[in-house]
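First the proteins, then the strands, lettered A, B, ... as listed; each starts at 1. Just so we're clear, the structure is a prediction, and the values are computed from it rather than from any experiment.
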Amino acid sequence: MKISTRNVGDVKILDVSGKITLGEDTAELRNEVKTLLKNGQKKIVLNLADVNYIDSSGLGELVSCHVTADSQGAKLKLLNLTKKLRELMAITKLLTVFETYEDEASALASFK
Amino acid sequence: MKISTRNVGDVKILDVSGKITLGEDTAELRNEVKTLLKNGQKKIVLNLADVNYIDSSGLGELVSCHVTADSQGAKLKLLNLTKKLRELMAITKLLTVFETYEDEASALASFK
Amino acid sequence: MKMAATNAIHMDLLTDLRYLDLVDQVSHSVTKVMGFDEDRIYWIGMSVREGVINAMLHGNQMDIGKRVVVRFEMAPSSLAVSIHDQGRGFDPACVPNPVAPENLLKPCGRGLFCIKSFMDDVSFNRQPDGMEIRLLKRLASE
Amino acid sequence: MKMAATNAIHMDLLTDLRYLDLVDQVSHSVTKVMGFDEDRIYWIGMSVREGVINAMLHGNQMDIGKRVVVRFEMAPSSLAVSIHDQGRGFDPACVPNPVAPENLLKPCGRGLFCIKSFMDDVSFNRQPDGMEIRLLKRLASE
Ligand SMILES: Nc1ncnc2c1ncn2[C@@H]1O[C@H](COP(=O)(O)OP(=O)(O)O)[C@@H](O)[C@H]1O
Ligand SMILES: Nc1ncnc2c1ncn2[C@@H]1O[C@H](COP(=O)(O)OP(=O)(O)O)[C@@H](O)[C@H]1O
């Protein structure tokens, strides 16, 4: 898993790529989000376009990030789910938990 | 396995790609060479640059082509062996049987 | 003779997560040669992976001395995969439902649910020497 | 207990050349996780493939009712692969040497020679129920 971070206005976008699975260093994602929250960041987008594999632990990791953000009064939204990830989140009812967007402009606009 | 044929002067070059293995239709190569010989072709080059896998049956196939050409007073030469194929032909002493070339110009010049 | 039309692959592995990719790759090769489509190859692979993770993590408690046996039985019209660990086993009826509202925000507990969603049949056999979970996928299933 | 540090994969296959790629893929995955380098992964894969071709072709005479069993034993410092068919067997001492001048132009007979070139050790066991050929490759071999 790789993460690179960028700012668009007051929104932080995290471009995540690779695998989010057990065994990969998924704590990295959680820690990155925690650091942002600690620094007062309230608007976070995870761009998952280049996540080519995710398993149930990876889903749990995304849920943890969401829960932590929520508890700090911040918003964490998901951008560019792959077809497989969307299917997985539909089955596990996580689409009801997350706000998801199919393009960056809409994700950004949703914070306005 | 795929074969495409082209003329350079009085030399026929067969660009072979894919696998030359048991199970693949290796007879295709033999038949192609036989047809050329029947039509009086005396100078043939097999360009093996894009052969990504060959097994002992494939080596045998190349030997058959060589033997048939020889018996008709024609010359069959090999061009652009991959590193793996060269190693395999060295081990099986087939480098002593075939004339091999590393670039097309030298292969063509060798017929002059 | 009953087994005559079946190909089988049997993997007897140490408890070590670095074998997950190996199991994954074997699953992909098996389902591919059987003629499953790309989507199913992916979901079966994920299910097998989740099963093996559970066997190593919950079953064998990551004790590298314990083994996980994965068996692929390739019948003409279906694939059966059994995953056997050397742990104390569990009662699947006691596993919380991860899509119940009170569990939706939990960080874990989705593995078995995913397996059940993607496979046609899942059965659990608690045996004296460990837990066995058995997954079935039919080639003709929609 | 002797086997404790060994992972094993056991493939029990019908005699059908369409399983060659499956064996190839398993061989690649196994040698990769064991830490062999790209070149060795390739040559071990080719050796296993040649062995299985012989088992199906010469051993089982392509009789689809007969089986080929391929077993990969992954020890910490070496890989052993055994290939077992249900044929009548043969005497390896009677197989002509393909690099002898009189055989150089023959269209076949290079499979075993390649296997022996690429593996560290090859042994043949003619058994009542078929032929077994056993290949060994050490991780540390040059
Ligand atoms: N092989 C196993 N041995 C023992 N317990 C298991 C096994 N597989 C699953 N379980 C139990 O079932 C629970 C749910 O598993 P799962 O749905 O895969 O989610 P998770 O692994 O995230 O907890 C586990 O927490 C564990 O208690
Ligand atoms: N599993 C086997 N069962 C019976 N005979 C075999 C087996 N493997 C090899 N042989 C014999 O050894 C010979 C040489 O095999 P090989 O070197 O692989 O070349 P090829 O397969 O091209 O003949 C075969 O022709 C066959 O007679």
Open item on the list: Looking at D:D37 and D:R40, would you say the former's side chain and the latter's main chain have a donor-acceptor pair under 3.5 Å?
Closed with: yes
Open item on the list: At a heavy-atom distance under 4.5 Å, which candidate from D:H28, D:R18, D:K32 has the highest pair count against chain C?
Closed with: D:R18
Task: Side chain to side chain, D:R67 and D:Q86, heavy atoms closer than 4.5 Å - done: yes
TODO: Let me know if D:V30 has heavy atoms under 4.5 Å from chain C in its side chain, its backbone, both or neither.
DONE: both
Open item on the list: Quick one, D:H84 and D:M131 - any side-chain contact, counting heavy atoms below 4.5 Å?
Closed with: no
Task: Which of C:I9, C:V33, C:V69 touches chain D most, by non-hydrogen pairs under 4.5 Å - done: C:I9
- [ ] Using side-chain contact (heavy atoms from CB on, under 4.5 Å) as the criterion, point out the one residue from C:V81, C:V26, C:L79 that pairs with C:T31.
- [x] C:L79
